[in-house]
Amino acid sequence: MQLSEKYQLVRKLARDFAEKELTSEILDEVEDTGVFPVDIQKKMAKAGFYGIKVPEKYGGQGSDHLAYAITVEEIARVSAVGSLYVNSPNSLGGMTILIAGTEEQKQKYLRPMVEGDIVIPFGLTEPGGGSDAADMRTTAVKDGDYYILNGRKTFITMAPFADYSVIYADTGKRPSGKKGITAFIVDMKLPGVSLGKEEQKLGLVGCATSDVILEDVRVHKDDILGEIGEGFKDAMRCLDVGRMGVAAQSVGVAQACLDEAIKYSKERKQFGKYLCEHQSIAFMIADMATKVKAARELVYDAAVTKDTGGNSTLASAMAKYYASEICNEVAAKSLQIHGGYGFVRGFKIERLYRDCRVFTIYEGTSQIQQIVISGQLLGR
Ligand code: CAA
């Protein structure tokens, strides 16, 4: 897709930011300490990255999904974990507030989130309900003006340093007889809220993940997000956008893997010539580049589809499915080109290979994307 001047500028701003701020020294330190610098988070907020689609009246950029996808892609090209900080407020917790919140809730939460003063994760997944997200055991029982929440949410990105969390809970059957799931915004300081241990992850080191445990947590009815019993649909709407974001992360990381492969193949000689002069390597690079371009087209198509009111559920699922799969393939090929050096710390490809493994898993596995795609096409 040929990008207009506006989107070329979006790309340039994000690329310049990533290359200036996310230096290899800083990224190595993140790997060593597991901590992503707070001052870079603040700079990301100041650059407008946390509220790309949030209307200006709530402090956001008031831009669109194509700008969001390009920004996430460019940050991910330099730092996958950095792009997680951008993707999350734009798609998950922040998005639930954006699509389902009252005017008062939007005023209260969106501006500080966009400005980087509060963090609001997305609490959907449970220990027993990952792919089958509707099979949740967390309950919210009405008690006067309050709801009493009990349950456990798992793999909650950013929970260890969150100020609030969107929590989806079972509020009993809807009038239609179907299970009713409702979204709440829960203050993490409320009595009864606690965290599980911080997970030690294979990749995306520097963005902490843990369980959120809810024991008789009293949440006021003013903190319900959207309609009682209708929260599952809002969660799915958020995931439609989140999946576009993961697809954009995948393209960014895949591009980085390709860049590393090209660079290395022009530096290293074997059998008397550079790796890129061996047809076996050149063909691998041709294959990788073609797939990265195809994935990018799918991501931008999903974004434009959403921006123009089309069926973004289908387009986002296709983009996430394809981009996350080829990203893992491209990362594996790039590592292969690096040989033994790709397997050791200090070579960028080693981190990229670990970071992208989760892309075919989080925000819906590839198999879930296949369910969504086939369901959309076959009307199931
Ligand atoms: N938009 C709006 N509404 C939607 C929708 C969408 N995209 N998809 C489904 N719905 C609606 C349906 O119309 C239906 O409405 P009614 O009840 O009124 O009829 C309702 O939602 C239920 O739909 P389904 O019967 O299709 O739901 P299901 O239980 O069969 O599940 C699923 C469908 C697609 C498999 C879903 O469970 C799913 O997406 N699973 C994967 C979960 C997931 O992605 N988890 C990621 C967690 S977040 C994360 O990973 C981020 C992180 O922090 C790491």
Side-chain angles (χ1 to χ4, degrees), residues 48-69 71-72 86-115 118-125 133-134 136 140 153 156-158 162-169 171 174 178 180-186 219 221-248 302-317 319-320 362-364 372 376:
F49 295 164
Y50 289 177
I52 298 166
K53 300 174 288 90
V54 172
E56 288 173 59
K57 66 172 172 168
Y58 307 121
Q61 285 190 33
S63 194
D64 54 19
H65 293 80
L66 184 54
Y68 153 65
T71 304
V72 171
V86 177
N87 198 29
S88 184
N90 279 290
S91 62
L92 298 176
M95 175 102 187
T96 314
I97 297 169
L98 193 59
I99 64 170
T102 60
E103 184 58 29
E104 208 181 342
Q105 289 168 334
K106 288 179 193 170
Q107 293 285 359
K108 180 171 173 191
Y109 297 108
L110 289 178
R111 186 178 289 277
M113 181 199 77
V114 165
E115 290 175 355
I118 60 170
V119 171
I120 313 174
F122 181 76
L124 178 70
T125 302
M136 63 178 61
K153 296 291 171 181
I156 307 305
T157 304
M158 301 187 180
D163 301 279
Y164 299 88
S165 181
V166 172
I167 297 287
Y168 290 89
T171 40
R174 287 180 272 162
K178 289 184 179 177
I181 288 169
T182 304
F184 295 85
I185 182 142
V186 174
V219 180
K221 64 179 172 38
D222 288 350
D223 294 325
I224 290 171
L225 283 166
E227 300 295 315
I228 295 275
E230 301 295 327
F232 189 71
K233 287 182 228 176
D234 290 335
M236 293 295 114
R237 288 186 189 107
C238 292
L239 283 168
D240 284 346
V241 173
R243 288 167 184 168
M244 191 190 296
V246 177
V304 172
T305 300
K306 177 79 179 167
D307 288 333
T308 52
N311 181 355
S312 66
T313 300
L314 177 63
S316 289
K320 188 198 184 262
Y362 71 5
E363 303 207 28
V372 173
Q376 289 282 320

Please check: side-chain N/O of Lys53 versus main-chain N/O of Leu98, any donor-acceptor pairing under 3.5 Å?
no
For Gly59 against Val114, the heavy-atom pair lying closest together:
O-CG1, 3.2 Å
Looking at Tyr58 versus Tyr109, is the centre-to-centre ring distance below 6.0 Å?
no
Using a 3.5 Å distance criterion without hydrogens, assess whether the side chain of Gln105 forms a donor-acceptor pair with backbone atoms of Ile224.
yes
Treating Arg237 as the side-chain partner and Thr96 as the backbone partner, does any N or O pair qualify as donor plus acceptor under 3.5 Å?
no
Closest heavy-atom pair and its distance - Ile118, Asp163
CA-OD2, 3.2 Å
Chi angles and distances behind the side chain to side chain donor-acceptor pair (under 3.5 Å) call for Thr157, Tyr362:
CA-CA 10 Å; Thr157 304; Tyr362 71 5; over 6 Å; no
Has Lys153 got a side-chain atom pairing as donor or acceptor with Tyr168's backbone, closer than 3.5 angstrom?
yes
Is it the case that the side chain of Gln107 and the backbone of Glu104 share a donor-acceptor pair, with hydrogens and angles ignored and the cut-off at 3.5 Å?
no
Are the side chain of Asn90 and the backbone N or O of Tyr68 linked by a donor-acceptor pair below 3.5 Å?
no
For Asp234, the option from Ile181, Leu239, Ile99 that meets side-chain contact (heavy atoms from CB on, under 4.5 Å)
Ile99
Judged by modelled atom types alone, do Thr313 and Asp240 share a side-chain donor-acceptor pair under 3.5 Å?
yes
Of all the heavy-atom pairs spanning Met113 and Gly94, show the shortest one and how long it is.
SD-CA, 3.5 Å
Got a donor-acceptor contact below 3.5 angstrom from the Arg243 side chain to the Glu363 backbone?
yes
Testing the 3.5 Å rule here: is there a donor-acceptor pair between the side chains of Tyr50 and Gln61?
no
Note: Ser91 and Gly242 closest approach over all heavy atoms is CB-CA, 3.5 Å
Between Pro121 and Ser165, what is the shortest heavy-atom contact and its length?
O-OG, 3.7 Å
